[in-house]
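Everything numeric in this text was worked out from a predicted model, so none of it was measured.
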Amino acid sequence: MAVLFPHRATPELRHLQVRLGCKFSYQQAAGILNEFLPELSCFNHATTRNRVLAVGKAIEAETRAEIAEKPKVEKPVDHMTVGIDGAFVKATRSKNQRKNFEIVLGRIETCGRQEKIFAAVRDLDDLARERVRSALRSAGRGPATNLTVLSDGEDAMRLMAGQWLNGRVEHPFALR
């Protein structure tokens, strides 16, 4: 059995555990699984956390590989719409340092394709710009793809979007 299920669970069960672990606290996710699968009742927050983190590491590895390769998009779309915004996370002061950071997040919509979301930590991640560009490529952006960028109109966000999303970028209006 260990050969068939190296993670000691079926792929479907692992998928469900990770989905719940992303939406709830790890302890709540384990509780939900124990409630609905009482005959197993072997779920705990540590296993849920470990499985969610394993999926996160796999996604990170895929993203880094895609960034390194920068593959050409086989069927680029003509136009895509990108909604983008930023949020500051304020940290508490410690004796040695204070770490405030900005998260840039967005949603990419293209006609005939599934929407894609992205997020990156702007100042603490050296690959933040490349992560956003990777998300655009995987959503179908090619060299001639026109982008419509929807943002709140804040000058720093418009400047960052222009630099990060280089190419044909249109800001039709600012949302306020």
Side-chain angles (χ1 to χ4, degrees), residues 15 17-26 29 48-94 96-176:
H15 176 81
Q17 193 171 21
V18 169
R19 291 275 307 227
L20 290 172
C22 291
K23 294 182 184 286
F24 301 101
S25 72
Y26 301 135
T48 303
R49 179 189 63 234
N50 292 340
R51 290 195 173 144
V52 170
L53 292 175
V55 169
K57 286 179 183 177
I59 292 170
E60 175 69 9
E62 287 177 17
T63 302
R64 285 181 178 270
E66 199 280 342
I67 288 170
E69 287 179 27
K70 294 184 184 177
K72 285 192 173 188
V73 179
E74 290 184 25
K75 294 181 181 177
V77 296
D78 295 329
H79 184 267
M80 63 176 45
T81 303
V82 179
I84 191 167
D85 202 358
F88 281 95
V89 177
K90 296 206 179 251
T92 58
R93 289 182 187 259
S94 68
N96 300 327
Q97 60 188 7
R98 180 178 176 181
K99 286 190 178 180
N100 297 331
F101 56 92
E102 182 182 12
I103 299 172
V104 176
L105 53 137
R107 178 175 167 164
I108 305 166
E109 293 186 359
T110 57
C111 188
R113 295 192 185 196
Q114 185 176 2
E115 70 182 39
K116 185 152 183 81
I117 58 172
F118 62 86
V121 179
R122 185 173 179 177
D123 297 328
L124 298 178
D125 182 3
D126 295 337
L127 296 176
R129 176 188 307 202
E130 293 306 318
R131 289 179 196 284
V132 173
R133 290 180 179 175
S134 171
L136 290 166
R137 278 192 301 272
S138 66
R141 183 181 186 194
T145 301
N146 292 314
L147 293 178
T148 299
V149 177
L150 304 175
S151 68
D152 61 5
E154 194 246 337
D155 291 337
M157 183 58 65
R158 290 173 64 96
L159 178 65
M160 188 229 42
Q163 292 171 347
W164 284 24
L165 309 177
N166 64 0
R168 300 179 190 174
V169 178
E170 172 190 351
H171 284 273
F173 57 90
L175 300 175
R176 293 202 187 254

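Note that the CD atom of Gln17 and the OG1 atom of Thr48 stand 4.0 Å from one another [nearest 0.5 Å]. Atoms CD1 and CG, on Ile108 and Leu147 in that order, are 8.5 Å from each other to the nearest 0.5 Å. In this structure, Asn50 CG and Lys57 NZ are separated by 8.5 Å, a value rounded to the nearest 0.5 Å. The distance from atom CG of Leu136 to atom CZ of Phe118, rounded to the nearest 0.5 Å, is 6.5 Å. We find the CD1-CZ distance between Ile84 and Arg107 to be 14.0 Å, quoted to the nearest 0.5 Å.
For residues 67-84, the pairs satisfying salt bridge (Lys or Arg N to Asp or Glu O under 4.0 Å) are Lys70-Glu130, with sequence neighbours left out.
Contact between Arg133 and Trp164 at its shortest, heavy atoms only, is NE-O, 2.8 Å. Shortest non-hydrogen contact noted between Pro76 and Thr145 is CB-OG1, 4.2 Å. Pairing each heavy atom of Val121 with each of Ala128, the nearest pair is O-CB, 3.4 Å. Shown here for Ser138 and Lys116, the closest heavy-atom pair between the two residues is OG-CE, 2.7 Å. Val52 and Cys22 get closest at one heavy-atom pair: CG1-SG, 4.3 Å. Summarising the geometry of Asn100 relative to Lys90, their closest heavy-atom pair is OD1-CA, 3.3 Å, with the distance given to 0.1 Å.
The side chain to side chain donor-acceptor pair (under 3.5 Å) test applied to Glu102 returns Arg122, not counting sequence neighbours.
Between Ser134 and the options Glu66, Arg64, Glu62, a side chain to side chain donor-acceptor pair (under 3.5 Å) holds for only Glu66.
The existence of a salt bridge linking Glu60 and Arg131 is confirmed by a sub-4.0 Å separation between a basic side-chain nitrogen and an acidic carboxylate oxygen.
In this model, no donor atom of one side chain and acceptor atom of the other lie less than 3.5 Å apart for Glu109 and Thr81.
Around CG of Leu105, the count of heavy atoms belonging to other residues, nucleotides or ligands within 6.0 Å exceeds 12. For Arg19, the CZ atom is loosely surrounded, since the number of other residues' heavy atoms within 6.0 Å does not exceed 12.
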